[in-house]
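Because the structure is a prediction, the values reported are computed rather than measured.
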Amino acid sequence: MQFQNRSTAASLRRGAAPFALALALLATPAFAQDAQTGAQDAQAAVAEEGQDDTVVVTGSLFRRTDTETPSPVTVLTSENLERAGITTIADAIRSISADSAGSIGTGFQTGFSAGGSAVSLRGLGVSSTLVLVDGLRSTNFPINDDGHNAYVDLNSIPFSLVDRVEVLKDGASSTYGADAIGGVVNLILKKQFNGVAGTVEGGIAERGDASHLRADLTAGFGDYESQGWNFYINGEYQRSGRVSNHSRGFPYNTQDLSSIGGIDNNSADQSLTVNVPTAYVTRVSQGDLNNPLSGQTGAPPVNQYQALGLSNCASTFTIAAGTGCRYDLTDMYRQLQPLQERYSVNGRLSVRVSDNIEAYVTGSFSRSDVSIKGIPSAIRQTQPFGAAPSVASSNPGIVLPVWICPSGVNCADPATPGRTLNPNNPYAAAYAANPANGAARIYYLFGDIPAGSERTNDVYRFSAGLTGSFEGGWDWRVEGVYARDELEITQHGLINIAALRQAINTGSYNFVNPSLNSQAVRDALSPDKVTPSFSEMYGVDASVSKSLFELPGGPLQLAIGGQVRHEKLENNNQNAALDTYGLTTASAFGQHTVSAAYFEIDAPILPILDVTASGRYDHYSEGFSHFSPKVGFKFTPIKQLAVRGTYSQGFRAPTFAESGPRSQYAGFVTTTPPCNFQLAHGGTGTTASCTSGGNPYNLAYSLGRGVAGNPDLEPETSRSFTAGVIFQPVKWLSLTADYYNVKKSNLIVAGPDIGRATSAYFGAANLAAAQAAVAAVGPGYSVHTVDGADPLFPTALPRVLIINVPYVNANYAITSGIDVAATATIPFSDDVKFTSRVEVTHVFNYDLHVANGVQKYAGTFGPYDLSSGNGTPNWRGNWQNTLEYGPYSISLTTYYVGKIKAVSTDQQAGPNYTTACSAALYRSADLNQFCYVNSFITSDLNATMKVNDDFSFWINVKNLFDARAPIAPAAYASAPNFLTTWHFPGLIGRQFRAGASFRF
């Protein structure tokens, strides 16, 4: 009943959402703005630092006083972020309404990039959004998202030093080169600081977890204006506590939705052929008495199972095959938020070398520690990707032998010293004289061995630069940067293959009562796996600019420059020896040098018309090159109105994971077998609508795609254009609206026909026919690994576990939409001011054009793979309202995500791609019941009291109304029934924080 009441309240909030946003647009407008106020805030920040009133806006090479360029730029100021209660760069950037499909939050813990965080502007993927720090590149996170998408980890950037964040929502390869297809995020750090300032903040969730601690201290010396130098040093620390799925209850802690009309995908409380902390065994034969992996294939002689140590079970169930113990593994082991700790040390020295030369040097070190807990390892697993099928413990199936002995070799031989009957095998005594037919096939989860990982990410970054001018009106700039990201992953709880065989043959592991196992036995069976990886980047960038002559609207400016950078990646295989079950073999290696030359022209042809043009030529040492042009205009017929637009071409170079000949990965996606397969395995219903029939073999499982790097890949290319207006009818109100349209061609995709291949496999009558059907899909497609036979239907087609697919250039995608922003600043009196800001993005379409049709993603769970099952909401928005009264201020920031349809055309075979509910990913009896994931609204409240110029205090309530995340049954199984990317605040619930800051 509580769940139903919350759903009713959520429905009321959802119903009010469109009206609230519409009111915001029509009345007084979010903390992200790209109208005139954004320009004023940027200039004010510069003025406060004691510099001139010109700034270099992201996407341009020129210093200017008018920060409204032809390209749409959203500005997040430190003041706006403080009012929103945002305390990390990741949260700041991912709150932008233009962030869409493929965005990565730290709450996503089971993917390749677990522990990292990234932004995906326009939903084109994290590798198509460029992240800069003070206009310079940084190095990428050593592990690629989805095994191949490169990105800068936002967790590695110190928050307390950020002066403002500029988000260019337009193609910018003509200025910055590769990867700037969806846009550019430029983090502008403080240039100078004098004095001592610090912040401390703490908090906790209403439910007593999700602890939060943040502290920073900055000390600076030297007055740059009067003394010509300044040096500051900064330290920062943040800690966020762990949150379990169990603590938040239904529906986020289970895969059983039968109580609300959904599917019971929790097989752990209804089957004896699943891996749970209570061992289930049944008698089978054993082909090689020295090899526990040589158990009988297919159904056991008698379909009866015994539970070992059932007396320790709190709740049991009984079926025809025997009695088992009820478990819900998600509730027992999964977590919503990992334990996170981050700290950093940063410094900057600024020096005025002469009247016309300035220099700076920066250095920073940041560490991010993420501790993740997961479901323990199962005893029945497929072989590691690339290993021989004979090491799989699931096919034909691992068994416990009749005899054990200290050496673990030839234990069935009466002459072997110390041999005894296996106490873990209940059939041992009866088959002492016939050990080949008395083995015990076992299903088990190592619940006494905690599973998870510790991820330590160290980022070192140094930069230096000189700027100046020389005779003839030339301005010049030379900057260099070096960055290195060192990632160490320690995996716990994974089972060593050789150690498992030895533990079974010697009987050293107690399956009957695992609590009696010594730590030494557990450590031998599951040694920690430590894997270091790193990425590195260094480069030099130089440019000169000059005003050539006067035009009617102002000076014609020209800038030219060049860049050379070197990038290297060594993402090591965590399972290089292929000796561990359940451990990824993904790896990526490569290095290259990129040389570039670029230019920009700004031509104010008339006082009311400014035209810009830029271009950049990049050459990669792999042998390919690309030229990226861009043109733009800004037309201002009256002071209150401006019209702007741009056209650009760009590119994304293949990542090392995609093109490196030594690179490989196997990615997994939650998949439900189609009805024809389920019916062959005891399911009920029809080929159009069916249920599992109680057979766990029919439930959703993880289907892998194995892929290797392709050195022959070409870059992805793009064509983008924007058109917008800037309107400021009165001084206190400004509005912008910008249409965007991006076409991304020559896409680098892993197995674009995976849907066809999967359908071909499941549509076959037997394994041989299925393998032939997959191979017929095209070059590079093949069946890599299949599951063990279904114990209940051993002659039926087995599940496919991994399908090999190729990296290829194929297809193109088109996305379009509109960004609307408004800012109102109303001074009621000298002491009272009201500020309202709103930002909304609506995605008109996001279409992938493939060989046999068009896959439509906007407003759906597509692209399912790229978005990690989170999809592309077609509405996002945020709205911040702040009332300032003397030393007091109070802000309410509201975030909105539109409803999402639980279909994904990239999981269909085509050509009749459909977004109808008949194609819903979640195949419940009523396909309409869970066809939509409801819209989501959450609000954060922040109240600040400024005691004096030196001290301020604040309180913050995140998720003020305790909004719950809408139910999403089609999400990944690792995130049961919720969308981590879009609804994370609704999982944590209401949080309370308080803090103070000082400055002397």
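For the 3.5 Å distance criterion, the side chains of Thr585 and Asn573 fail to qualify, holding no donor opposite an acceptor. Side-chain polar atoms of Asp865 and Gln907 form a donor-acceptor pair below 3.5 angstrom. With 3.5 Å as the limit, one finds no donor-acceptor pair spanning the side chains of Asn245 and Asp331. In summary, the side chains of Thr254 and Asp256 do not present any donor paired with an acceptor at a separation below 3.5 Å, with no hydrogens or angles considered. Counted by atom type alone, Thr684 and Thr691 present one or more donor-acceptor pairs between their side chains at under 3.5 Å. Counting only N and O atoms by type, the side chains of Thr278 and Tyr327 include a donor and acceptor under 3.5 Å apart.
Nearest heavy-atom pair, Ala299 versus Pro791, reported as atom, atom and distance to 0.1 Å: CB-O, 3.3 Å. Taking both residues in full, the closest heavy atoms of Tyr427 and Gln304 are given as OH-O, 4.3 Å, listed atom of the first, atom of the second, then distance. Considering all non-hydrogen atoms of both residues, Gln255 and Pro976 come closest at CG-CB, 4.0 Å. Considering every non-hydrogen atom in both Val774 and Tyr781, the closest pair reads O-CB, 3.5 Å. When all heavy atoms of Phe589 and Asn571 are compared, the closest pair comes out as CZ-O, 3.7 Å. Here the shortest heavy-atom pairing between Ala586 and Tyr665 reads CB-CB, 3.5 Å.
Residues Leu289 and Pro401 are not in side-chain contact: their nearest non-hydrogen atoms beyond the backbone lie 4.5 Å or more apart. You'll find the side chain of Ser535 stays beyond 4.5 Å of the side chain of Phe141, heavy atoms only. With contacts defined as side-chain heavy-atom distances shorter than 4.5 Å, the pair Gln296/Pro301 qualifies. In this structure, the side chains of Phe446 and Ile379 come closer than 4.5 Å at one or more pairs of heavy atoms. No side-chain heavy atom of Glu454 sits less than 4.5 Å from a side-chain heavy atom of Thr456. Tyr305 is not listed as a side-chain neighbour of Ile319, based on a closest heavy-atom distance of 4.5 Å or more. Within the 4.5 Å cutoff, the side chain of Trp403 has heavy atoms near those of the Leu421 side chain. Residues Tyr581 and Leu494 form no side-chain contact, since every pair of their non-hydrogen atoms from C-beta on lies 4.5 Å or further apart.
The distance from atom CD of Gln664 to atom OG1 of Thr584, rounded to the nearest 0.5 Å, is 8.0 Å. For the atom pair OG1 of Thr980 and OH of Tyr972, the computed distance is 11.0 Å after rounding to the nearest 0.5 Å. Distance check, rounded to the nearest 0.5 Å: OG of Ser267 to CG of Leu329 gives 8.0 Å. Interatomic distance, Leu336 CG to Ser244 OG, rounded to the nearest 0.5 Å: 7.0 Å. Taken to the nearest 0.5 Å, the CG atom of Leu703 stands 5.0 Å off from the CD1 atom of Ile803. Note: Arg334 CZ to Ile372 CD1 = 11.0 Å, rounded to the nearest 0.5 Å.
A donor-acceptor contact shorter than 3.5 Å is absent between the side chain of Asp458 and the backbone of Glu486. Of the possible donor and acceptor atoms, none in the side chain of Ser526 sits under 3.5 Å from a partner among the backbone N and O of Arg522. Looking only at distances, a side-chain donor or acceptor of Asn695 sits under 3.5 Å from a matching main-chain atom of His681. Looking at Asn505, its side chain does come within 3.5 Å of a backbone N or O of Asn290 through a donor-acceptor pair. Although no hydrogens or angles enter the test, the distance criterion places no donor-acceptor pair under 3.5 Å between the side chain of Gln491 and the main chain of Lys529. Checking side-chain atoms of Asn575 against main-chain N and O of Asp579 turns up a donor-acceptor pair under 3.5 Å. Judged purely by atom type and a 3.5 angstrom limit, Gln286 uses its side chain to pair as donor or acceptor with the backbone of Asn291. Within the 3.5 Å criterion, the main-chain N or O of Asn457 finds no donor-acceptor partner in the side chain of Asp485. One N or O on the side chain of Ser377 and one on the backbone of Gly493 form a donor-acceptor pair closer than 3.5 Å. Of the possible donor and acceptor atoms, none in the side chain of Thr323 sits under 3.5 Å from a partner among the backbone N and O of Thr318.
Applying the salt bridge (Lys or Arg N to Asp or Glu O under 4.0 Å) rule to Arg283 yields no partners; only residues at least two apart in sequence or on another chain are considered. Under the salt bridge (Lys or Arg N to Asp or Glu O under 4.0 Å) criterion, Asp413 pairs with no residue, sequence neighbours left out. Not counting sequence neighbours, Asn496 has no partner by the side chain to side chain donor-acceptor pair (under 3.5 Å) test. For Arg248, the salt bridge (Lys or Arg N to Asp or Glu O under 4.0 Å) partners are Asp209, not counting sequence neighbours. Annotation: side chain to side chain contact (heavy atoms under 4.5 Å, CB included) contacts of Asn424 (sequence neighbours excluded): Leu400, Asn422, Asn510, Phe511, Val512. A search for side chain to side chain contact (heavy atoms under 4.5 Å, CB included) contacts involving Ala760 returns Ala773, Val777, not counting sequence neighbours. Evaluation of the salt bridge (Lys or Arg N to Asp or Glu O under 4.0 Å) rule for Lys373 yields no partner, not counting sequence neighbours. Shown here are the side chain to side chain contact (heavy atoms under 4.5 Å, CB included) partners of Ala387, two or more places apart in sequence or in another chain: Gln383, Pro384, Val391, Leu578. Annotation: side chain to side chain contact (heavy atoms under 4.5 Å, CB included) contacts of Cys313 (sequence neighbours excluded): Leu310, Thr316, Cys325. Scanning for ring-ring contact (aromatic ring centres under 6.0 Å, His included) contacts around His492 gives an empty result, with sequence neighbours left out.
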Worked check of side-chain contact (heavy atoms from CB on, under 4.5 Å) between Ile398 and Leu500: CA-CA 10 Å; Ile398 193 165; Leu500 176 61; 3.6 Å; yes

Determine, stepwise, if the pair Asn149 / Glu658 fulfils side-chain contact (heavy atoms from CB on, under 4.5 Å). CA-CA 8 Å; Asn149 290 309; Glu658 294 165 338; 4.3 Å; yes

Trace of the side-chain contact (heavy atoms from CB on, under 4.5 Å) decision for Asn425 with Ile442: CA-CA 9 Å; Asn425 183 348; Ile442 182 170; over 6 Å; no

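Of the options Thr671, Asp790, Thr785, Asp787, a side-chain hydrogen bond (donor to acceptor under 3.5 Å, both in side chains) to Arg799 is made by Asp787 and by none of the others.
Between Phe762 and Phe677, the ring center distance clears the sub-6.0 Å criterion. For Tyr697 and Phe793, the distance between ring centers is not under 6.0 angstrom.
Sorted by first and then second residue, the disulfide (SG to SG under 2.5 Å) pairs with a member in residues 367-435 read Cys405-Cys411; sequence neighbours excluded. Applying the salt bridge (Lys or Arg N to Asp or Glu O under 4.0 Å) test to every pair with at least one member in residues 310-326, sequence neighbours left out, gives no pairs at all.
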